[in-house]
Q: 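Before we start, here is the structure in question, set down as structure tokens.
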Amino acid sequence: MIVYIIGITGGVGGRVADRLVAQGHTVTGMVRSDKQAAALARRGIGAVLGDVAKDTPERLAQSIKGHDIVLFTAGAGGRDGPEATAAVDGDGPGKVARAMEIAAVRRFYLVSVFPEAWRERRMDDDFEHYMVEKKKAETQIVLTALDWVILRPSALTNEPGVGTVDLGLAKVHQKIRRDDVADTLIALMARPDVSRSILEVTGGSTPIAEAVNSLAGGDGQ
Ligand SMILES: NC(=O)c1ccc[n+]([C@@H]2O[C@H](COP(=O)([O-])OP(=O)(O)OC[C@H]3O[C@@H](n4cnc5c(N)ncnc54)[C@H](OP(=O)(O)O)[C@@H]3O)[C@@H](O)[C@H]2O)c1
């Protein structure tokens, strides 16, 4: 597979990239500095300078062209205010989808969020804005003609992965390790027949390969 990752310097994106490279796949990612590009090069990962908040679809298409798959796992992380959340988490995926149409790349994986996340709590305005923007992005993607998969992980942690998850159409929002999200994404990428699906994943006891295989209703043949 030849995979382009937006969010490659992040927790999930970096894990996906390292795993794919270790498995012999080719990975390129969007970076915002030469220093990030040099760090990725040392790990065998290609990099293209870009900014999903600022770049046009036409410019993004130049970077995306020639890849089999695009993974969007970027997020503004609330660090640069609500405008950045809107531009990255909200409008970013739709812009990338338009770029993919220009570049004739069909397979899109979007890391999103459980809509039910912490609905039982009173959250601050920034979190509520983040949730609205994440939903906006999902809506833009499902309206495309791309072969998309939206994966909604529950709250992310950095503990070592355990190789098991609870994956399906609707799950209870709990916690999941970034390692296990990365392995789930890669298992999904290996199954192009799982397409135009919104999936939720949280910590659980089903081996990842088995969880992904059961989605397609077969044994992978
Ligand atoms: N945290 C949670 O519990 C949680 C739960 C469910 C879903 N999610 C979602 O899961 C995804 C992955 O989360 P994570 O914690 O792995 O992310 P993360 O470590 O915060 O990484 C965010 C990534 O987005 C990139 N980014 C930010 N603004 C950008 C821009 N304008 N242009 C290009 N790239 C940009 C960052 O690049 P730089 O290094 O250049 O800043 C970084 O690579 C996110 O979409 C997040 O919203 C998170």
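Remember, predicted model here, so these are calculated numbers, not experimental data. Whatever order the structure lists ligands and atoms in, that order sets their numbers, starting from 1.
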Q: What class does the angle between the rings of Phe72 and Phe108 fall in, given that below 30° is parallel, 30 to 60° is tilted and above 60° is perpendicular?
A: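 It falls in the perpendicular class, over 60°.
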Q: Ligand 1: which residues have a non-hydrogen atom closer than 4.0 Å?
A: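 The 4.0 Å shell around ligand 1 contains Gly7, Ile8, Thr9, Gly10, Gly11, Val12, Met30, Arg32, Gln36, Asp51, Val52, Ala53, Thr73, Ala74, Gly75, Arg79, Val88, Asp89, Val111, Ser112, Val113, Tyr130, Lys134, Pro153, Ser154, Ala155, Leu156, Arg178.
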Q: Sequence neighbours excluded, which residues qualify as side chain to side chain contact (heavy atoms under 4.5 Å, CB included) partners of Thr144?
A: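 By the side chain to side chain contact (heavy atoms under 4.5 Å, CB included) rule, Thr144 matches Ala97, Glu101, Leu146, Trp148.
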Q: The criterion is side chain to side chain contact (heavy atoms under 4.5 Å, CB included); which residues satisfy it with Pro82, sequence neighbours excluded?
A: His129
Q: Regarding Glu58 and Lys95, does a basic nitrogen lie under 4.0 Å from an acidic carboxylate oxygen?
A: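 Between Lys95 and Glu58 there is no salt bridge, as every charged N stays at least 4.0 Å from the carboxylate O atoms.
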Q: Side chains of Ser112 and Glu138 only: does a donor on one sit below 3.5 Å from an acceptor on the other?
A: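 Present: a donor and an acceptor within the cut-off.
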Q: Would you be so kind as to tabulate the donor-acceptor pairs closer than 3.5 Å made by side chains of residues 19-26, with sequence neighbours excluded?
A:
| residue | atom | partner | partner atom | Å |
| --- | --- | --- | --- | --- |
| Arg19 | NE | Asp183 | OD1 | 2.7 |
| Arg19 | NH2 | Asp179 | OD1 | 3.4 |
| His25 | ND1 | Met1 | N | 2.9 |

